[in-house]
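Both ligands and their constituent atoms are indexed starting at 1 by order of listing.
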Amino acid sequence: MARILVVGGSLGGLMAANLLLRAGHEVQLLERSRHSLSGRGAGIVTHDSLRTALHAAGVAAEAPLGVAVGSRVALDPQGQVLCRWDYPQVLASWGRLYELLLQALPAGRCRFGAPVAAVEQGEPGVTARLADGQSLQADLLVAADGLRSTVRAQLAPAVQPAYAGYVAWRGLCDEGCLSRHTRQTLFGHFGFGLPEGEQMLGYPVAGGGGGVRAGAGERAWNFVWYRPAAAGPELAALLTDADGLHHPEGIAPQQVSWRQIAAMRAAARERLAPQFAEIVEKTAQPFVQPIVDLVSPRMAWGRVALLGDAAMVARPHVGLGVTKAGDDALALAESIAALGATPAALARYEARRLAAGAAVVERSRRLGAYLQARGGAPSRHPHERSAEAVLRQTAIDPRLFDPESERSTPEATAAP
Ligand SMILES: Cc1cc2nc3c(=O)[nH]c(=O)nc-3n(C[C@H](O)[C@H](O)[C@H](O)COP(=O)(O)OP(=O)(O)OC[C@H]3O[C@@H](n4cnc5c(N)ncnc54)[C@H](O)[C@@H]3O)c2cc1C
């Protein structure tokens, strides 16, 4: 039995902590936030491998994760179906996965209000220094502390997120407040809209009360609207709150300026299918997130490993943020089972996950490349994607990846 510290109590950290506890280790999870993260987050696409990781982490195999849809549709600007693809998928919410993973963790294993400020290594172990001056010793430390990882900043300060040139407006809208037409045309599907140079998508998820029944008005619609925003004043304006305070590292949902929200809603009325415009209009608290890429050239330094978004951040087009963190957690637990809580185990983990993570980031860049083509005629941009290609390539099971077709430039396809 080894002593293992996991830094970061979001989905990646919770999967790693649960897996390592179940392997018999003494695990302590350290989360910066003073309170549980319940009630935060929006939609998460699930894949079979995420189910595998969740199950191994202690979530019952039969636990419902979210809303099942059978197909995908793209709507034209008038709201008519442009094309359709049958692809069954379960759409979860961040809050549901968080709740399941936190419940799986035995009491006393997660310390909230415990920000790690620094990490030190020296034989035979590793020490985490908390912001309040306390020190904790362990055999290994797993940094699942996200995009702006404190641990990565210490070990590899040159590795920084790179802004992709566009943002995602996101939000959750209650099904019950939407028109019958919007509910009927969208709620059975994963839906897309492709205004020039932009991309709208969304899907049904469990509503605030956790309800997922069709036709009962208890679900919510999770939308993600990708829009170009040049680095500099344009992006800064989006990340500045109504009191004029700039949040360059990301603005919290409740801080997004009402002026920016009003401008975004006006653009939705002009550019989106009426169903999507209605959803955007009726979403109480839309929020905005800059899209970034992050690839760390290493995932292990002696007795310290990076996991999930701390190591690699892929754009959301691949829908793999949580699945990738789960795959990392599985590979980490297997490597420690094979080689013990040693630097050799972490080196083996890195060898298994480094190229895989970088490939996911690269694929997400390809899928999003056309959204970076600001100005000009997007339909003539070499990376322009037809509605059908977007339907068939966004957030699909990684086993369906087809690098050949993704490198090509499919013609727009008018489908049934
Ligand atoms: C509150 C929240 C809501 C989210 N909602 C969505 C969503 O709706 N849709 C989606 O696709 N993705 C969402 N994400 C991102 C998604 O969780 C990640 O892409 C995925 O889980 C893999 O990331 P991660 O667990 O490795 O890191 P993250 O999810 O980024 O979590 C990092 C965790 O580390 C903690 N932390 C940071 N620094 C320190 C430190 N120094 N010491 C201790 N703890 C620290 C943070 O508080 C956070 O809990 C959300 C993340 C968070 C934190």
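The shortest distance between side-chain heavy atoms of Y349 and V142 does not fall below 4.5 Å. Counting only heavy atoms from C-beta outward, the side chains of T240 and S257 never approach each other to under 4.5 Å.
In this structure, Y226 and Y166 have perpendicular ring planes: the angle between them is above 60°, well past the 30° mark.
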For residues 149-159, which side-chain N or O atoms pair as donor and acceptor with protein atoms under 3.5 Å away, sequence neighbours left out?
{"unit_1": "S149", "atom_1": "OG", "unit_2": "D145", "atom_2": "OD1", "d": "2.6"}
{"unit_1": "S149", "atom_1": "OG", "unit_2": "D145", "atom_2": "OD2", "d": "3.2"}
{"unit_1": "S149", "atom_1": "OG", "unit_2": "V151", "atom_2": "N", "d": "3.3"}
{"unit_1": "S149", "atom_1": "OG", "unit_2": "R152", "atom_2": "N", "d": "2.8"}
{"unit_1": "R152", "atom_1": "NH1", "unit_2": "L147", "atom_2": "O", "d": "3.0"}
{"unit_1": "R152", "atom_1": "NH1", "unit_2": "A310", "atom_2": "O", "d": "2.8"}
{"unit_1": "R152", "atom_1": "NH2", "unit_2": "L147", "atom_2": "O", "d": "2.8"}
{"unit_1": "Q154", "atom_1": "OE1", "unit_2": "V119", "atom_2": "N", "d": "2.8"}
{"unit_1": "Q154", "atom_1": "NE2", "unit_2": "V119", "atom_2": "O", "d": "2.6"}

Distance-only donor-acceptor pairs under 3.5 Å for side chains of residues 62-70, two or more places apart:
none

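Ligand 1 lies under 4.0 Å from heavy atoms of V7, G8, S10, L11, G12, L30, E31, R32, L37, R40, G41, A42, G43, I44, W94, A114, P115, V116, A144, D145, G146, T150, R170, L307, G308, D309, G321, V322, A325.
Applying the side chain to side chain donor-acceptor pair (under 3.5 Å) test to every pair with at least one member in residues 337-346, sequence neighbours left out, gives no pairs at all.
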